[in-house]
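Here's the structure, in structure tokens; my notes come after.
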Amino acid sequence: MKKQLSLSAYITIGSMLFGLFFGAGNLIFPVHMGQEAGASISLATIGFILTGVGLPFLGVVAIGFSKSNGLYDLASRVTPLYGLFFTIVLYLTIGPFFALPRTATVSFEIGLTPFLSEDQYTIALLIFTILFFLLAWILSLNPSNIMMWIGKVLNPLFLVFLAFLIISAFIHPMGDVETLPIQPAYTHNALFKGFTEGYNTMDVLASLAFGIIVVNTIKNLGVTNPTDIAKDTFKSGIISLILMSVIYGCLAYIGATSLNQFPLSDNGGIALAQIATHYFGAYGAMLLAIIITIACLKTAIGLITSCAEMFTELFPKISYRRFVHIFSIISMLIANVGLTAIISISIPVLMFLYPLAITLVFLAFLSPLFHHQKIVYQCTIGITFIVAVLEGLKASSEMISQNPVVWTITSTVDGILPLSDVSMGWILPAIVGLIIGWALSFRTRSKAEAV
């Protein structure tokens with residue numbers, strides 16, 4: 001008998017997915033983008049939503065649509081070795097090396113730093129990260145409870161606190177946006193700049209990891225047919241898509257209007273603190289601390305769970321619980337390096353991974369058209385990989401990006417490839433690789449049929 005999910009099940013799964021995606025980075029980046037975009041906020045927000053909402057939604061659906069058993073299975077359609085490489089690098093990026101430590105440092109920086117003196121910072125960060133990851137560790141030990149904790153408890157609580165801030169900002173706006181100054185990066189390329197700003201959320205990368213959590217949750221509810229799983233994944237994802245789009249738009253607008261009261265901030269965390277204080281006074285800092293901590297905690301639980309499950313699949317001799325221990329400890333240690341260092345190191349890695357992740361998502365949808373032939377995956381990913389390396393080098397520290405050899409190569413490529421100057425030069429090579437691979441697939445099929 002065909003299992004039909006109820007509306008409440010779709011809402012709960014969609015709420016869980018939203019909770020997994022929406023962490024503190026999703027709060028601070030659209031606010032800061034709004035400040036920088038100024039009067040160009042509309043175009044910038046559209047670009048940000050494309051990478052911050054649209055592509056992550058496609059990433060989750062791609063896992064269900066491709067009928068794969070997760071990222072490793074999907075990426076192995078290039079080659080098993082590439083599948084292993086890409087899966088490990090992606091999960092370490094959204095896990096213990098960057099995104100997981102960031103969940104703790106962002107909540108600490110925004111929620112507690114305003115109450116601390118400079119000499120208290122180091123020991124306070126250590127204590128906070130120990131407590132933060134201790135709680136995340138406890139809640140991650142039993143993955144079967146993740147839907148309840150995130151979908152039914154933490155996410156609704158987070159939305160209630162966030163709603164107070166957004167509603168207050170719209171009832172009493174800080175000013176108009178039409179006459180606000182526009183930072184140079186948004187003057188002529190607001191849409192593309194907003195698109196690449198969405199990289200910072202890491203949500204496209206996370207979608208390839210979280211997709212299997214949604215698929216497994218749907219399976220646990222009794223849906224077993226692959227086609228029905230794909231449809232239910234799509235329907236559940238719609239809930240998350242709507243919520244995230246609305247909230248991103250609101251946060252970007254609030255960030256832009258804040259320029260009528262405050263100068264351009266160094267980051268979205270500072271801006272959020274100023275906005276919260278403006279509307280709620282001393283209580284604003286407390287409200288913001290609660291919002292940030294809940295947002296980070298629920299994301300940390302999802303990241304630890306998904307990373308541990310994937311590494312258990314890749315290395316079955318090590319138990320799920322042991323990986324939870326390992327990732328929690330590593331994340332706690334790296335978090336004590338500080339938020340600024342984590343963000344600066346992660347940028348070139350993201351610029352390298354995002355073109356490969358986006359390309360893989362679209363290949364998953366197109367795969368039935370070329371009968372899942374490896375040659376198409378190999379040509380498309382192979383050519384994209386080369387340009388992705390260059391994008392990562394361009395975003396690296398000056399010691400690397402300004403190296404004479406590196407600079408000569410990247411500047412030459414910038415002059416040849418369209419959109420390369422806005423860090424999207426990988427698009428044309430990916431399309432060329434797809435065309436070449438598709439053409440070769442016809443030749444391969446013709447030979448096979450002839451035999």
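These figures come from a predicted structure and were not determined experimentally.
In this structure, T196 contributes its side chain and K193 its backbone to a donor-acceptor pair below 3.5 Å. Side chain of H325 to backbone of R321: a donor-acceptor contact under 3.5 angstrom is found. Formation of a donor-acceptor pair under 3.5 Å by the T359 side chain with backbone atoms of L356 is not found in this model. Judged by distance alone, the side chain of E391 and the main-chain N or O of G425 form a donor-acceptor pair under 3.5 Å. Remark: the backbone N or O of A185 is not paired with any side-chain donor or acceptor of N189 at under 3.5 angstrom. Looking only at distances, no side-chain donor or acceptor of S66 sits under 3.5 Å from a matching main-chain atom of A364. Of the possible donor and acceptor atoms, none in the side chain of S240 sits under 3.5 Å from a partner among the backbone N and O of G237. Formation of a donor-acceptor pair under 3.5 Å by the T410 side chain with backbone atoms of W407 is found in this model. Using modelled atom types, no side-chain atom of T380 and backbone atom of Y377 make a donor-acceptor pair closer than 3.5 Å. Looking at S396, its side chain does come within 3.5 Å of a backbone N or O of G392 through a donor-acceptor pair.
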Derivation of the ring-ring contact (aromatic ring centres under 6.0 Å, His included) call for F352 and F385
CA-CA 8 Å; F352 164 70; F385 189 94; 5.4 Å; yes
Would F65 and F234 count as a side chain to side chain contact (heavy atoms under 4.5 Å, CB included) here? Give the steps.
CA-CA 9 Å; F65 181 83; F234 179 86; over 6 Å; no
The test is side chain to side chain contact (heavy atoms under 4.5 Å, CB included); show your working for L272 and H32 and say whether it passes.
CA-CA 9 Å; L272 263 179; H32 189 60; over 6 Å; no
Side chain to side chain contact (heavy atoms under 4.5 Å, CB included), that's the test. Do C296 and R102 meet it? Break it down for me.
CA-CA 8 Å; C296 288; R102 193 177 74 179; over 6 Å; no
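By the 30° and 60° cut-offs, the orientation of the rings of F327 relative to F311 is perpendicular. Between F48 and Y248, the two ring planes are perpendicular [angle over 60°; tilted spans 30° to 60°].
Side-chain contact check for V361 versus L55: every heavy-atom pair is 4.5 Å or farther apart. With a 4.5 Å cut-off on side-chain heavy atoms, L71 and L360 count as touching. Using a 4.5 Å heavy-atom threshold, the side chains of M351 and L393 count as separate. Residues L434 and L363 meet the side-chain proximity criterion, which asks for heavy atoms closer than 4.5 Å. Counting heavy atoms from C-beta outward, Y186 and L191 have side chains that stay 4.5 Å or more apart. Under the 4.5 Å side-chain criterion, counting only non-hydrogen atoms from C-beta, K394 is in contact with S420. The shortest distance between side-chain heavy atoms of L440 and C379 falls below 4.5 Å.
Residues V406 and S401 share a closest heavy-atom pair of CG1-O, 4.0 Å. Annotation for T129 and M332: closest pair O-CG, 3.7 Å, computed over non-hydrogen atoms. Taking both residues in full, the closest heavy atoms of I304 and A136 are given as CD1-CB, 3.9 Å, listed atom of the first, atom of the second, then distance. S236 and Y10 make their closest contact through OG-CD2, 3.5 Å (heavy atoms, listed as atom of the first residue, atom of the second, distance). Shortest non-hydrogen contact noted between L205 and A357 is CD2-CB, 3.6 Å. Across all non-hydrogen atoms, the minimal contact from S258 to Q35 is OG-NE2, 3.0 Å.
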Would you list the atom pairs, donor with acceptor, under 3.5 Å between side chains in residues 79-100 and any protein atom, with sequence neighbours excluded?
unit_1: T79; atom_1: OG1; unit_2: Y82; atom_2: N; d: 3.0
unit_1: T87; atom_1: OG1; unit_2: G83; atom_2: O; d: 2.6
unit_1: T93; atom_1: OG1; unit_2: V89; atom_2: O; d: 2.7

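Rounded to the nearest 0.5 angstrom, N200 CG and S346 OG are separated by 7.0 Å.
Atom CZ of F362 is surrounded by 12 or fewer heavy atoms from other residues, nucleotides or ligands within 6.0 Å.
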